[in-house]
Amino acid sequence: MKIAIVGPGAIGCLIAGLLKIKTKEDVWIYDNLQTRAARLKDSGIKIEGLSGNHQVKVSIASDAKEIGLCDFVFICVKSYSTEDACKDIKDLVGENTFIVTLQNGIGNVQILDDYFGPEKVIAGITNHGATLLGAGHVKHAGKGDTIIGKADGKLSGTLKQISNLLSKAGFDTKISKDIDSVVWGKLIINVGINALTAITRLNNGRLIEYAEARSLMRAAVQEAAKVVKRKRIKLAYDDPIQKAESVSKATAGNISSMLQDVLNKKRTEIDFINGAVVRQGKALGIATPVNEVLTNLVKTIEASYDKAVK
Ligand code: PAF
């Protein structure tokens with residue numbers, strides 16, 4: 001099977017590296033940056049942390065034509081780059097290709113559906129924590145569920161194939177008939193953890209050790225849960241606050257993806273996480289003041305990297 005991982009970020013490198021080591025499939029990374037792709041081709045992927053220490057060579061290309069048609073394409077770019085990635089990877093996608101997104105946030109499935117057609121798109125989430133320590137160098141910092149499904153709820157052999165593949169690589173993967181609920185369920189976790197860790201610069205575990213941060217986390221999660229309820233989406237867990245806190249504990253040592261972005265002075269996924277809750281809240285007439293403040297703070301941090309007092 002030919003598998004392409006689009007984007008050599010933390011989760012992209014972790015999935016690509018472990019798929020290569022544990023499954024021996026034909027694994028490729030698509031990297032839109034030519035110089036980085038050339039560097040990664042030489043150095044390979046280095047993994048440390050919960051899944052052990054590994055150094056592995058994976059085929060890497062910055063021209064999708066070099067990779068050619070794939071069986072499965074995993075989209076691992078940041079949510080704000082999904083649209084550009086779709087344009088870049090058309091040579092990977094043929095009649096029998098399936099595209100899997102495990103990205104954070106709300107909106108990626110819609111972008112992929114619009115571009116490739118919903119029949120090709122498999123939605124999902126992963127609660128594994130991964131920290132990018134350098135180009136191609138990733139620390140596996142937290143384990144959690146990985147869940148995939150089709151938006152129409154249909155179960156297929158393809159879903160089973162992908163879940164077997166990911167499970168073999170060490171990402172214990174379940175299939176859901178209600179993937180919308182899973183994706184929104186994950187959003188609530190990111191709403192509780194990501195912006196607050198990016199603002200406080202605490203790791204996921206430390207965040208809930210501070211009463212004030214914990215109370216903001218609870219308020220942000222509660223607002224998102226109201227939006228979900230109004231949308232008549234049934235979450236797979238009963239208590240969203242308890243769930244967000246338990247993921248913080250399970251990924252205690254992890255530096256959230258949004259804090260990694262801030263530390264690396266990069267754009268964050270705030271618009272697809274807390275910002276998405278604010279937008280949906282407005283459309284539904286639900287007040288989301290805490291998410292609005294968190295969104296505005298992260299956007300200010302993002303816009304002022306070069307002006308911040310050192
Ligand atoms: O975005 C992240 O960092 C991850 O989704 C999670 C689960 C919050 C762990 O850090």
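Counting from 1, the numbers follow the sequence of the chain as shown. Keep in mind that what you see is a predicted model, and the values were worked out from it rather than measured. Both ligands and their constituent atoms are indexed starting at 1 by order of listing.
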**Request:** Please indicate whether any nitrogen or oxygen in N204 is less than 3.5 Å from any nitrogen or oxygen in ligand 1.
**Result:** yes
**Request:** Measure from the side-chain N and O atoms of S79 to the backbone N and O of N104, and report whether any donor-acceptor pair falls under 3.5 Å.
**Result:** yes
**Fill in**
among protein heavy atoms, the one nearest atom 3 (O) of ligand 1 is S257 N, 2.8 Å
**Prompt:** Hey, is N254 one of the residues with a heavy atom under 4.0 angstrom from ligand 1?
**Reply:** yes
**Request:** Just do the salt bridge (Lys or Arg N to Asp or Glu O under 4.0 Å) check on R214 and E209 with the steps written out, would you?
**Result:** CA-CA 7 Å; R214 199 169 184 163; E209 287 175 13; over 6 Å; no
**Request:** Treat each ILVMFWY residue as a node, draw an edge where side-chain heavy atoms are under 4.5 Å apart, and state whether I3 and L166 are in one component.
**Result:** yes
**Message:** Below a 4.0 angstrom heavy-atom separation, can you tell me which part of N104, side chain or backbone, both or neither, approaches ligand 1?
**Reply:** side chain
**Prompt:** Does H128 have a non-hydrogen atom less than 4.0 Å from ligand 1?
**Reply:** no
**Message:** Under a 4.0 angstrom heavy-atom cut-off, which atoms of ligand 1 come close to S256?
**Reply:** 3 (O), 10 (O)
**Message:** Within the 4.0 Å heavy-atom shell around N194, which atoms of ligand 1 are there?
**Reply:** 1 (O), 2 (C), 8 (C)
**Item:** Nearest-contact summary for atom 4 (C) of ligand 1 - protein heavy atom, Å
**Value:** N190 ND2, 3.9 Å
**Asked** Does a side-chain N-to-carboxylate-O contact under 4.0 Å join K266 and E302?
**Response** no
**Item:** Backbone N/O of Q260 and side chain of N264: donor-acceptor pair under 3.5 Å
**Value:** yes
**Item:** Separation between CE of M1 and NZ of K24, rounded to the nearest 0.5 Å
**Value:** 14.0 Å
**Asked** So, K2 side chain and I67 main chain: donor-acceptor pair closer than 3.5 Å or not?
**Response** yes
**Request:** Measure I189 to ligand 1 on non-hydrogen atoms and call it side chain, backbone, both or neither using the 4.0 Å cut-off.
**Result:** neither
